[in-house]
Amino acid sequence: QVQLVESGGGLVQAGDSLRLSCAGSGRTFSSYSMGWFRQAPGKEREFVATINWSDGSIYYAASLKGRFTISRDNAKNLVYLQMNSLKPEDTAVYYCAASRYSAGLSSNRAYDYWGQGTQVTVSS
């Protein structure tokens, strides 16, 4: 069992940066691939980024690559999402998730555990 708690969301202006954190419980945290997803009002949840547990490989949604950076600190059971040059269209609830798998991680169906989400609002 893994419990995830996101933090770091808030209201920012376009062009600003934010760093989201996701704290995970459990001694097996390093055995999970971690992902970030987001869901804007009236839209489906979409993949943002993932970091693989087995080899540390990282993948991003093509539209976000270059602005967002995912990282993890297994010693602290933390996963981060650094978001730069934020745009109003980045406004959404951001979720972190944990997966036992090392493939197919852009699909939310690959994930076993989810946090409650943190709101990010970017004003123009």
Side-chain angles (χ1 to χ4, degrees):
Q1 187 84 10
V2 176
Q3 293 183 325
L4 303 171
V5 179
E6 303 94 336
S7 61
L11 173 63
V12 297
Q13 294 186 331
D16 286 350
S17 297
L18 270 180
R19 188 178 78 160
L20 305 182
S21 298
C22 174
S25 66
R27 292 175 292 177
T28 59
F29 181 81
S30 61
S31 299
Y32 287 86
S33 298
M34 299 300 297
W36 285 97
F37 288 75
R38 67 184 185 182
Q39 188 166 20
K43 295 187 177 181
E44 293 187 352
R45 191 169 298 189
E46 66 171 346
F47 168 73
V48 174
T50 185
I51 183 165
N52 192 304
W53 75 266
S54 64
D55 61 6
S57 55
I58 290 173
Y59 298 96
Y60 296 97
S63 61
L64 300 175
K65 192 173 183 179
R67 293 196 298 122
F68 288 17
T69 303
I70 188 172
S71 61
R72 70 189 297 169
D73 184 339
N74 287 333
K76 297 181 179 180
N77 282 12
L78 288 169
V79 178
Y80 304 103
L81 184 68
Q82 177 68 42
M83 306 185 294
N84 298 328
S85 302
L86 284 162
K87 305 175 181 179
E89 51 264 43
D90 294 319
T91 295
V93 178
Y94 284 72
Y95 299 90
C96 74
S99 171
R100 295 167 290 164
Y101 303 107
S102 58
L105 295 171
S106 62
S107 170
N108 57 16
R109 291 174 293 179
Y111 293 83
D112 305 289
Y113 303 103
W114 293 83
Q116 83 290 348
T118 186
Q119 176 71 47
V120 172
T121 303
V122 184
S123 64
S124 56

Task: Expected output: side-chain Thr118 to main-chain Gly9 donor-acceptor under 3.5 Å - done: yes
- [ ] Treating Ile, Leu, Val, Met, Phe, Trp and Tyr as nodes and any side-chain heavy-atom pair under 4.5 angstrom as an edge, say whether Leu105 and Ile58 lie in one connected cluster.
- [x] no
TODO: Provide the full list of disulfide (SG to SG under 2.5 Å) pairs with a residue in residues 43-77, sequence neighbours left out, each pair given once.
DONE: none
Task: Between Phe37 and Tyr95, ring centroids under 6.0 Å - done: no
Open item on the list: Here's a test for you: under side-chain contact (heavy atoms from CB on, under 4.5 Å), which of Asp90, Leu86, Thr91 qualifies with Val12?
Closed with: Leu86
TODO: Indicate, with yes or no, if Val122 and Trp36 share a hydrophobic cluster defined by side-chain heavy-atom contacts under 4.5 Å among Ile, Leu, Val, Met, Phe, Trp and Tyr.
DONE: yes
Open item on the list: Within the 3.5 Å criterion, strictly below it, is a donor on Ser102 or Asn52 matched to an acceptor on the partner's side chain?
Closed with: no
Open item on the list: For Tyr94 and Met83: C-alpha separation, side-chain torsions, deciding distance, then whether side-chain contact (heavy atoms from CB on, under 4.5 Å) applies.
Closed with: CA-CA 11 Å; Tyr94 284 72; Met83 306 185 294; 3.7 Å; yes
TODO: Any chance you could measure Trp53, atom CH2, to Thr28, atom OG1, to the nearest 0.5 Å?
DONE: 11.0 Å
- [ ] Output, in order, the C-alpha distance, side-chain angles, deciding distance and verdict of side-chain hydrogen bond (donor to acceptor under 3.5 Å, both in side chains) for Thr50 and Tyr111.
- [x] CA-CA 11 Å; Thr50 185; Tyr111 293 83; 3.1 Å; yes
TODO: Verify, without hydrogens or angle tests, whether Ser30 (side chain) and Asn74 (backbone) share a donor-acceptor contact under 3.5 angstrom.
DONE: no
- [ ] Indicate, with yes or no, if Ile51 and Leu81 share a hydrophobic cluster defined by side-chain heavy-atom contacts under 4.5 Å among Ile, Leu, Val, Met, Phe, Trp and Tyr.
- [x] yes
Task: Axial cation check for Tyr113 ring with Arg100, 6.0 Å and 45° limits - done: no
TODO: Sequence neighbours left out, what pairs pass salt bridge (Lys or Arg N to Asp or Glu O under 4.0 Å) with at least one residue falling in residues 43-55?
DONE: Arg38-Glu46
Task: Under 3.5 Å side-chain donor-acceptor pair for Ser106 and Tyr60 - done: no
Open item on the list: Tell me whether the count of non-hydrogen atoms from other residues, nucleotides or ligands lying under 6.0 Å of CD in Gln3 goes above 12.
Closed with: no
Open item on the list: So does Phe29 get a backbone contact from the side chain of Asn77, meaning a donor-acceptor N/O pair under 3.5 Å?
Closed with: no
Open item on the list: Restricting to non-hydrogen atoms, name the atom on Ala14 and the atom on Pro88 that form the minimum distance, rounded to 0.1 Å.
Closed with: CB-CD, 4.1 Å
Task: Donor-acceptor pair, side chain of Glu6 and main chain of Gly117, under 3.5 angstrom - done: yes
Open item on the list: For Val2, is there any backbone N or O sitting under 3.5 Å from a side-chain donor or acceptor partner on Ser25?
Closed with: no
Open item on the list: According to a hydrophobic-cluster definition based on side-chain heavy atoms being under 4.5 Å apart (Ile, Leu, Val, Met, Phe, Trp, Tyr only), do Val93 and Val120 belong together?
Closed with: no
Open item on the list: Given 3.5 Å as the limit, does a donor-acceptor pair link the side chain of Ser107 with the main chain of Gly104, or not?
Closed with: no
TODO: In sequence, state the C-alpha distance, the side-chain angles, and the governing distance for Val79 and Cys96, and then conclude on side-chain contact (heavy atoms from CB on, under 4.5 Å).
DONE: CA-CA 8 Å; Val79 178; Cys96 74; 5.8 Å; no
- [ ] Considering non-hydrogen atoms only, spot the tightest contact between Ala98 and Met34 and give its length.
- [x] CB-SD, 3.6 Å
- [ ] Evaluate the side-chain proximity of Tyr80 to Ile70: yes if any heavy-atom separation is below 4.5 Å, no if none is.
- [x] no
Task: Inter-residue atom distance Ser21.OG - Gln82.CD, 0.5 Å rounding - done: 9.5 Å
Open item on the list: Assigning hydrophobic clusters by single linkage (Ile, Leu, Val, Met, Phe, Trp, Tyr; side-chain heavy-atom cutoff under 4.5 Å), is Leu20 placed with Phe47?
Closed with: no
Open item on the list: Nearest 0.5 angstrom please: Asn84 CG to Arg19 CZ, how far?
Closed with: 11.5 Å
Task: Side-chain donor or acceptor of Ser99 paired with backbone N/O of Ala110 under 3.5 Å - done: yes
